[in-house]
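In what follows, chains are A, B, ... by sequence order, proteins preceding strands, each numbered from 1.
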Amino acid sequence: MAPPPDGVLDPDAPTATVAASRWPGVARYAAARVGQGILVLFGALTASFILIHLTGNPATVLAGGQLPEAQVQALSHQLGYDRPLGVQYVSYLANAVHGNFGTSFRYGTSALSAVLSALPNTLTLIAVSIVAAVVISVVVATASVLRQGGWSDRMWRPLLSALQGIPDFWIALVLVLVLSVKLHWLPSLGYTTFSSLIMPCVALTLPMLASFSRLLRASMLDFTDSDVALALRARGLTRREIVLHHAMRNAMVVFVSYVALQAGWLVGGTVIVETIFAWPGIGTMLIGAVQARDLAIVQATVVLVAVAFTLLNLAADLAVIWLDPRIGRERVSGR
Amino acid sequence: MAEKRRSAARRIARPRLGSGSLTAGLILLGGMLVFSIVATLASPSPTAQDLNHALAGPGPVGHLLGTDALGRDVLAWVAGGIRTSFEVALLVVALSAAFGTAVGVAAGYLGGWLDAVLMRLADIQLSIPPLPLFIAASAILANNMLTLVILISIVGWVPYARLCRAQTLVLRERGYVAAARLAGRRRATIAVTHLLPGLTTEIAVLGSLQAGIALLWEAGLSFLGLGLQPPYISLGFLMSQGKEVLAQAWWVATFPGVALALLVVGFNLTGDGIRDLFATGTSGGIR
Amino acid sequence: MTAALAPAADLSSGGLRVSGLAISYGGTPVIGPLSFEVPAGASVTIVGETGAGKTLLLRSLMGLLPAGFEMIGEVYVSDAGKPLRTAAELRAQLGRHVGVVLQNPFQAFDPLRPVGRQVTEGVLRRKLIGRQAAQERAITLLRQMGFDRPEEVQRLFPGQLSGGMAQRVAIATAVMPDPGVVLADEPTSALDAMLRVRVLGLLREFAGRRGAALVMISHDLSLAAEFSQQLIVLYSGRVVETGPAAELAAIPRHPYTRALLACTPQVSTEGKRELPSIPGSVPSPLQPRAGCRFAARCPLVIERCRTEEPRLRALGGAQVACHVAKEDGAGTS
């Protein structure tokens, strides 16, 4: 992109106003992201609706082939599944906006409240795992960059590649095997004490560690390889100073976005680990609902996960706005 | 140019990490494939149940890796599972790459409202956490290979689209593309003959990495009882069996996990290796 | 091929002397050897086409050669007090006795922090002066660089500056520690013509005022001749001609120097003239070659040129590495 020409070099020309406020630009950026978030939610709602109706009348699914035809019809009418699809869609959307996904026949309460009661447990799992992964990967990546070129640096890539390939549920199983079954150190089921958190979080953290460290390290190295780093070096900054005070900050912008993405995926992605540990979160709830064909819970879960993901992403966007001063700032010309 | 020469010099000077990854990855994958073929030939059928020898530990007597609760031979199952995994990986990558590339190139080359709509769609889709949807879908739809492959591809196509779009935007400014257009070639032809070759390396890298991810998805779903169930032979399924008997028979869950991990690592290394092979050096910096 | 050293100028203030600087890669000599001396307040420009190794040379003076390259020779930075031989010793001078201005003004700053902080960062981290003093000096320097509202400029982020503004701030940053030597790698290549003159003027002003030595790199011979007192013409890593700028510009003796001068686009009132160019391209300094490296493109080449590498010899007021060149510059058209 060619830079705009410098202002006319007339010493008597009035100087341009320097640096307008960044907030209008930020507002535009934020509005765009919020708009995107709304579209995502809309997409999730639609996907969930399509899913329920994919094989025809959902009442048939609910019945599971165990009810006589007449009762299926009655059920279908009772739940409103015999209305035209368009009408159902609109009413579904309207209900969803009010948080009404129907009643769970297993829990007896509204689907939304059932799912919401299980949500905090999953969130705890995610929060602890993410924080642990971020802290460790920052330390590891920074150490690797500072120590560039040694044997420890060359070991990282294959090691981390390996770690990234190991499925989290397998790690969970091995942990349960070793720490619970063989050594009896940690409880293997449920959310009873604080130590119950350890194994599931380790299982979730390890694969994330690999991708986080690699990304952060690569981003920081991109910076230290750049001409900007050369210019900083030419000013007398040591490599250490450049890595800690400049490379890190520059790498954070991409890193934070990625972490938020991962956290969001985790909201729906803890299912398998939760199943292994019988963790009372939305993952276990979803599996139970699927097996019992509790469609209300299934829908509520899918939508709630999308909402959580969207909110997380918005939070990440705010963080990026704070971290990256370039957003909202245009080029200034003049003297 | 001084920059290019320095980067060439630097590439020579730097130790060849790249080729190591590629060789390691390919050896790993090749080895697994060979192992699975040999093991299948040397073992009983994976689905054969033998309740007399249920939960036998690993040992040299007929069941090298032990048996599960129904007496099925773990080694045979792992070998079969490896082949199933290769099948899944291949199909998923083929489908998602084909679809994603088509979308990406179309968006990048044709631009305009098509680009905007497609990319918006991709962004939205990527933003919806897929696992709950997968789970729900698996429960409602049939549990066969086709459904699974389609499901995973539905999530998997977006990275290809993004990549191809970005690359297409760059490549379409190149002289030879403009020349072909001036010569009157149809845009579809240009897309295939001029743009595609420039994309193959990147697609190969992405494909390798996505293969690993696809395997993890499949194993996870099968583990939950939703993906590939018998008569399909899935590593994930065996792991779920292993979970039930974890205290008594650790081998049932452990070995398929090891195999799965090795496969994913193999694909990751291969992808990294291909990327390194075609990496461009940089000129500035303080490395 | 060491040029005979002129009697040492007074280097007690700024100033630079380079002796026998040579860069090799994996044992193969790539650049040099070259020796030159820049007294305080004066400047030398190293001229050559892209690919001749000019930037590599500069980086060796900074002590920041890429991996695999080695340098020998001695660099004497007067303010440092002792001759410097290793890359580490040279690096230690950065931001203290040696200031550097690089080619790309848009890549001279961390995009995430305001430029004001970055102007003072170098001297503050090295604890050369206190925060207050650094702030005042920064404002003074920015004013000298032509900004009449330096406080506001300091608050801007690098992405908000135009090319000319960024390069002027970069120069201010480079001279913050009051260095005795300033290295500049094609500092005006990214700028338009009007700015070029202005920026070079700023550099020259600083050098003169402070008594610093200026080492510039350029591909534009005529601009360099106007700006510097000394010229070193580099071709494929070898010095082909060196001497006082006025002399080289008036009587270019090496065929390459002559060709470079002719290549400069000039506004001509004589009607249209074809812009001459030198056929072929610069061979990579990494490729070993017998004889004169310019032989393949030289209009005056003789048999001896292909087998024997010419050494620098005195011709008139300059030093020329050519078998064919004559003192009066004749025959080199």
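- Two residues are said to be in side-chain contact when any heavy atoms from C-beta on lie closer than 4.5 Å; Pro130(B) and Trp265(A) meet this criterion.
- When heavy atoms are compared at a cutoff of 4.5 Å, Val40(A) approaches chain B by way of both its backbone and its side chain.
- Contact annotation: the side chain of Val174(A) never approaches that of Trp250(B) to less than 4.5 Å [non-hydrogen atoms, C-beta and beyond].
- A heavy-atom distance below 4.5 Å is found between the side chains of Arg214(A) and Asp272(B).
- Contact annotation: the side chain of Val264(B) never approaches that of Ile166(A) to less than 4.5 Å [non-hydrogen atoms, C-beta and beyond].
- Here Phe169(A) pairs with Phe223(B) under the ring-ring contact (aromatic ring centres under 6.0 Å, His included) rule; sequence neighbours left out.
- Among Ser48(A), Pro167(A), Ala172(A), Ala306(A), the residue with the largest count of heavy-atom pairs under 4.5 Å with chain B is Pro167(A).
- Rounding to the nearest 0.5 angstrom, the gap separating the CD1 atom in Ile272(A) from the CD1 atom in Ile135(B) is 7.0 Å.
- With sequence neighbours left out, Arg165(B) forms a salt bridge (Lys or Arg N to Asp or Glu O under 4.0 Å) with Asp115(B).
- When every heavy atom of Leu131(B) is checked against every heavy atom of Gly269(A), the shortest pair comes out as CD2-CA, 3.6 Å.
- Using a 4.5 Å cut-off between heavy atoms, Leu286(A) touches chain B through its side chain atoms alone.
- With a 4.5 Å cut-off on non-hydrogen atoms, Ile287(A) touches chain B through its side chain but not through its backbone.
- For a residue to count as touching a neighbouring chain, one of its non-hydrogen atoms must lie under 4.5 Å from one of that chain's; by this rule Leu41(A) does not touch chain B.
- Nearest heavy-atom pair, Leu39(A) versus Arg120(B), reported as atom, atom and distance to 0.1 Å: CD1-CD, 3.7 Å.
- Minimum heavy-atom separation, Leu173(A) to Leu246(B): O-CD2, 3.8 Å.
- Both the backbone and the side chain of Thr275(A) come within contact range of chain B, judged by heavy atoms closer than 4.5 Å.
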